[in-house]
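One is the number of the first residue; the rest follow in order along the sequence. For ligands, and for the atoms within them, numbers begin at 1 and follow the listed sequence.
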Amino acid sequence: MDVITLGETMVLFTAKSSGLMRYAGDFSSKIAGAESNVAIGLSRLGHQTGWISRLGSDEFGERIQSFIRGEGVDVSQVTFDDTAATGLYFKEKLTASELRLKYYRRDSAASRMSASDLDEDYISRAQFLHVTGITPALSEHCYETVLTAVEYAKKNNVKVVFDPNLRRKLWSEDRARSVLRELSALADIVLPGIDEAEFIFGKSTPETLAKSFFDLGPATVILKLGKKGAYVFSEEEEGFVEGFPVEQVVDPVGAGDGFAAGCLSGLIEGINVKEAVRRGNAVGAIVTMADGDVEGLPERDRLIGFINKTDKEDVER
Ligand code: KDG
């Protein structure tokens with residue numbers, strides 16, 4: 001196994017019309033969850049991944065499991081809960097460039113994940129454990145589950161990758177700040193966005209913010225700067241890695257997960273950190289050009305074509 005991840009995945013309903021969702025009659029339905037987005041992204045690039053979660057024993061739970069399994073991700077550690085439902089999430093397109101996200105996930109099946117669901121032996125088989133700041137925000141049980149997964153990873157020399165993925169709607173600012181710091185300190189690689197870094201440390205330059213994370217303990221900090229790219233701060237390397245131009249952003253949600261998948265793909269293959277980040281920038285950019293959180297995740301040929309700009313024609317025949 002290259003990467004094992006753990007977290008909640010929901011059914012995502014997107015209003016087909018723009019404007020306030022109260023007027024929307026038609027919705028598309030897809031599936032989305034930061035951690036499974038990363039697992040799917042890696043799987044599409046040819047890596048072995050596993051996703052640990054809990055789903056409701058309902059039709060949405062079945063759909064999510066089948067979808068993720070169909071993407072080649074191992075779902076053997078997914079459990080089903082008879083007493084709680086699968087979470088839902090809605091995307092409201094206010095204007096072409098303004099999105100509002102609404103969760104229906106309080107007390108969902110995933111929020112009831114518990115440390116006893118974890119199999120240390122399973123986690124020990126991975127090269128990387130990927131966790132985000134969403135899971136500990138779901139419940140106290142989920143927070144403990146993430147800490148236990150991290151503990152199992154560390155015990156077994158599995159590198160821990162942490163994406164803070166701040167979701168303000170899910171917890172208080174104080175609690176979020178303290179847990180995101182705690183998990184950043186435990187991780188080997190941290191992937192914060194600039195806004196998340198400023199949320200934790202206050203407004204500053206990318207260089208200072210990356211150094212602030214580094215001083216907490218991780219060996220590698222990769223600070224995401226949106227379309228500008230990323231700033232790397234590690235024991236061996238330091239500096240900016242430029243982003244890729246995007247003609248038209250269709251849907252920005254999921255770009256950070258694409259970035260994580262691209263970076264991890266490079267790190268699994270042992271390329272240097274800056275090259276891995278370049279790959280992350282490319283996957284993140286490609287994701288924004290499709291509707292949905294996982295729909296744009298590229299397969300390897302497309303990624304290489306995008307990076308090398310060998311796609312001379314827009315129409316593939
Ligand atoms: O990063 C994209 C995710 O935010 C999205 O797919 C849904 O997991 C999700 C969340 O909690 O926002």
Over-ring placement of R279 relative to F259, 6.0 Å and 45° cut-offs | no

Which is it for R167 and ligand 1 at heavy atoms under 4.0 Å: side chain, backbone, both or neither?
-> side chain

For M10, the atoms of ligand 1 under 4.0 Å from one of its heavy atoms are 7 (C), 8 (O), 9 (C), 10 (C), 11 (O)

Got more than 12 heavy atoms from elsewhere within 6.0 Å of NZ, K274?
-> yes

What's the spacing between I123 CD1 and E120 CD if we round to 0.5 Å?
-> 8.0 Å

Nearest-0.5 Å distance, CZ of residue R167 to OH of residue Y103 = 4.5 Å

Which residue and heavy atom of the protein sit nearest atom 8 (O) of ligand 1, plus the separation | A34 N, 2.9 Å

Quick one: does N165 get an N or O within less than 3.5 Å of an N or O on ligand 1?
-> no

Of all the atoms in ligand 1, which lie at a distance below 4.0 Å from a heavy atom belonging to N37?
-> 2 (C), 6 (O)

Among all protein heavy atoms, pick out the one at the shortest distance from atom 11 (O) of ligand 1; state its residue, atom name and that distance to 0.1 Å.
-> R105 NH1, 2.7 Å

Which atoms of ligand 1 sit under 4.0 Å from any heavy atom of D293?
-> 5 (C), 6 (O)

Is the cationic atom of R105 (NZ for Lys, CZ for Arg) positioned less than 6.0 Å from the six-membered ring centroid of Y89 and within 45 degrees of its normal?
-> no

Among non-hydrogen protein atoms, atom 1 (O) of ligand 1 lies closest to D257 OD2, 2.7 Å

Which of the numbered atoms in ligand 1 are below 4.0 angstrom from a heavy atom of Y103?
-> 10 (C), 11 (O), 12 (O)

Judged by non-hydrogen atoms, does G33 sit under 4.0 Å from ligand 1?
-> yes

For atom 7 (C) of ligand 1, what is the nearest protein heavy atom, given as residue, atom name and distance?
-> Y89 CE2, 3.5 Å

Could you tell me the separation between the CD atom of E242 and the CZ atom of R278, rounded to the nearest 0.5 Å?
-> 9.0 Å

Do K224 and D163 meet the salt-bridge criterion of a basic N to acidic O distance under 4.0 Å?
-> yes

Considering the heavy atoms of A32, write down every atom of ligand 1 situated less than 4.0 Å from one of them.
-> 6 (O)

Look up atom CZ in F27 and atom CE in M21, then write down how far apart they are to the nearest 0.5 Å.
-> 5.5 Å

Per-atom filter on ligand 1: closer than 4.0 angstrom to a heavy atom of I134 are 8 (O), 10 (C), 11 (O)

Taking the six-membered ring for Trp, are Y152 and Y122 ring centroids under 6.0 Å apart?
-> no

